[in-house]
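Taking it in order: structure first as structure tokens, then the write-up.
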2 protein chains.
Amino acid sequence: MIRERKPPPSVFDETCSARHALELIASKWTMLILPALAEGPMRNGALLRRIGGISQKMLTQTLKDLERNGLVIREDRQTVPPHVEYRLSEVGRSLSDTLAVLDRWAEQNFLELDAARERFDAR
Amino acid sequence: MIRERKPPPSVFDETCSARHALELIASKWTMLILPALAEGPMRNGALLRRIGGISQKMLTQTLKDLERNGLVIREDRQTVPPHVEYRLSEVGRSLSDTLAVLDRWAEQNFLELDAARERFDAR
DNA sequence: GTCTCTAGTAACCGAAAGGCAAGTACGCAC
DNA sequence: GTGCGTACTTGCCTTTCGGTTACTAGAGAC
């Protein structure tokens, strides 16, 4: 009897569902929204102000996707005018910690990248 | 005399060049290529085999972008048939460490995301 | 009655991502 | 001569991304 051995889940395998998770993460808006929410629950308007350059459309769209995947919790108070609050779920928080590390990496190393690009383009 | 205070570099500021660095990182191909190269220097063909689902075009394009920003070093042996090797720079390695953490996060948590998505769509 | 305030949604459109197929260079084995 | 092997490049085409504008509901202030 042949023993079927399942390969361990790997992001390098495109058929593995881990790849889908990676693609959700690998978005600049995700990488900004989650760390922003790590600062505390926020409303739509606050996020719009916190995250420079994001449009209402992309914010709504990304938030919905994050909510669908269980990373963000959306609380609609059902009032008029609307009051909706977003906060991280448990899983969302575990991810936002790592994303925040990446954000800090970008802030600490962008000068070096800028310099490298200049060098490269000068050739 | 008014003292001009420069704001600290922040990825939340769209005019800050750290945002550009973030956008380079926030690509699924970058998040796969750098950790792949962390396993050791590789040639084009080896990367193509290692990273499921990547096309030749995207591999070349992303590698060029990473090289331009100083994260990857490209060594062309100038032979025929061509022999080109890619490896991480110092900065590239510091980034790939964090990216590898994210990859592992995806591999460990994708089941939970899958479940959340199913729950959400069932409503 | 009218204006405001919030968190959207919908339609439209141009830009960019990215897949696929075919072409390139050239030394070597046969 | 023909064909192989490697690392690309180019062109075409479809899909997705993402910006802009206009529209929505309904309570409360005036």
Side-chain angles (χ1 to χ4, degrees), chain A residues 11-15 19-33 36-37 40-69 72-87 120 123, chain B residues 11-15 19-20 22-33 36-37 40-69 72-87 117 120 123:
Chain A
V11 287
F12 291 112
D13 175 9
E14 71 167 320
T15 69
R19 177 66 72 86
H20 173 272
L22 191 69
E23 288 176 27
L24 179 65
I25 300 171
S27 133
K28 70 173 168 180
W29 299 128
T30 296
M31 293 187 64
L32 291 170
I33 291 176
L37 287 178
M42 279 192 206
R43 301 176 59 176
N44 178 71
L47 283 166
L48 226 37
R49 263 171 273 120
R50 182 78 181 98
I51 301 169
I54 197 170
S55 66
Q56 174 66 60
K57 180 184 174 181
M58 286 317 295
L59 180 58
T60 308
Q61 203 172 98
T62 312
L63 279 172
K64 192 182 292 176
D65 210 21
L66 293 173
E67 187 201 1
R68 189 164 99 98
N69 285 273
V72 159
I73 296 164
R74 177 179 186 274
E75 188 187 347
D76 188 344
R77 303 246 172 106
Q78 304 281 6
T79 60
V80 169
H83 184 125
V84 178
E85 224 176 52
Y86 295 96
R87 58 195 160 85
F120 187 91
R123 293 186 312 174
Chain B
V11 288
F12 290 112
D13 175 9
E14 70 168 321
T15 69
R19 177 67 71 85
H20 174 271
L22 191 69
E23 289 177 26
L24 179 65
I25 299 171
S27 133
K28 69 173 168 178
W29 300 129
T30 296
M31 294 190 64
L32 291 170
I33 291 177
L37 287 179
M42 280 192 206
R43 302 177 57 177
N44 179 70
L47 283 166
L48 226 37
R49 265 170 272 120
R50 182 79 183 97
I51 301 169
I54 197 171
S55 67
Q56 174 64 64
K57 181 182 174 180
M58 285 318 295
L59 180 58
T60 309
Q61 203 172 100
T62 312
L63 279 172
K64 192 182 292 176
D65 209 21
L66 292 173
E67 187 202 0
R68 189 164 99 99
N69 285 273
V72 159
I73 295 163
R74 177 178 186 275
E75 187 187 347
D76 188 343
R77 303 250 173 100
Q78 302 282 7
T79 60
V80 170
H83 184 126
V84 179
E85 226 176 50
Y86 297 95
R87 58 195 161 84
R117 228 176 309 130
F120 187 91
R123 294 186 311 175

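A, B, ... follow the sequence lines: proteins, then strands. Residue 1 opens every chain.
B/Arg77 has its CZ atom 16 Å from the C1' atom of D/dG5, to the nearest Å. Atom NZ of B/Lys64 is separated from atom C1' of D/dT10 by 11 Å (rounded to the nearest Å). The interatomic distance linking B/Leu59 (CG) with D/dC8 (P) rounds to 8 Å, in whole Å. Atom C1' of nucleotide C/dT9 and atom CZ of A/Arg74 are separated by 12 Å, given to the nearest angstrom. For B/Leu63 and D/dC8, the CG to P distance is 8 Å, given to the nearest whole Å. Between the P atom of C/dG8 and the CG atom of A/Leu48 lies a distance of 10 Å, rounded to the nearest Å. Between A/Glu85 atom CD and C/dG8 atom P the separation is 12 Å, expressed in whole Å. When rounded to the nearest whole Å, the span between CD of A/Glu75 and C1' of C/dG8 equals 17 Å.
Taking 4.0 angstrom as the limit, A/Arg43 places none of its side-chain polar atoms (N or O) nearer than this to OP1 or OP2 of C/dT6.
Of the candidates C/dA7, C/dT9, D/dA7, C/dT9 carries the atom nearest the A/Thr60 side chain, counting heavy atoms from C-beta on.
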Step-by-step side-chain contact (heavy atoms from CB on, under 4.5 Å) determination, B/Ile33 to B/Ile54:
CA-CA 10 Å; B/Ile33 291 177; B/Ile54 197 171; 4.3 Å; yes

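Here the side chains of A/Thr62 and A/Leu32 are not in contact, with every heavy-atom distance at 4.5 Å or above. For the pair B/Leu37/B/Leu66, no side-chain contact is recorded, criterion being any heavy-atom separation below 4.5 Å from C-beta on.
Here the side chain of A/Arg19 pairs no donor or acceptor atom with the backbone of B/Gly53 at under 3.5 angstrom. No donor-acceptor pair under 3.5 Å is formed between the side chain of A/Asp65 and the backbone N or O of A/Gln61.
Under the side chain to side chain donor-acceptor pair (under 3.5 Å) rule, A/Thr60 has a single partner from A/Lys64, A/Gln56, A/Lys57, which is A/Gln56.
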Walk along nucleotides 11-28 of chain D from 5' to 3' and tag each nucleotide B, S or - by protein heavy-atom contact under 4.0 Å, base first, then sugar-phosphate.
BB-----BBB-----BS-

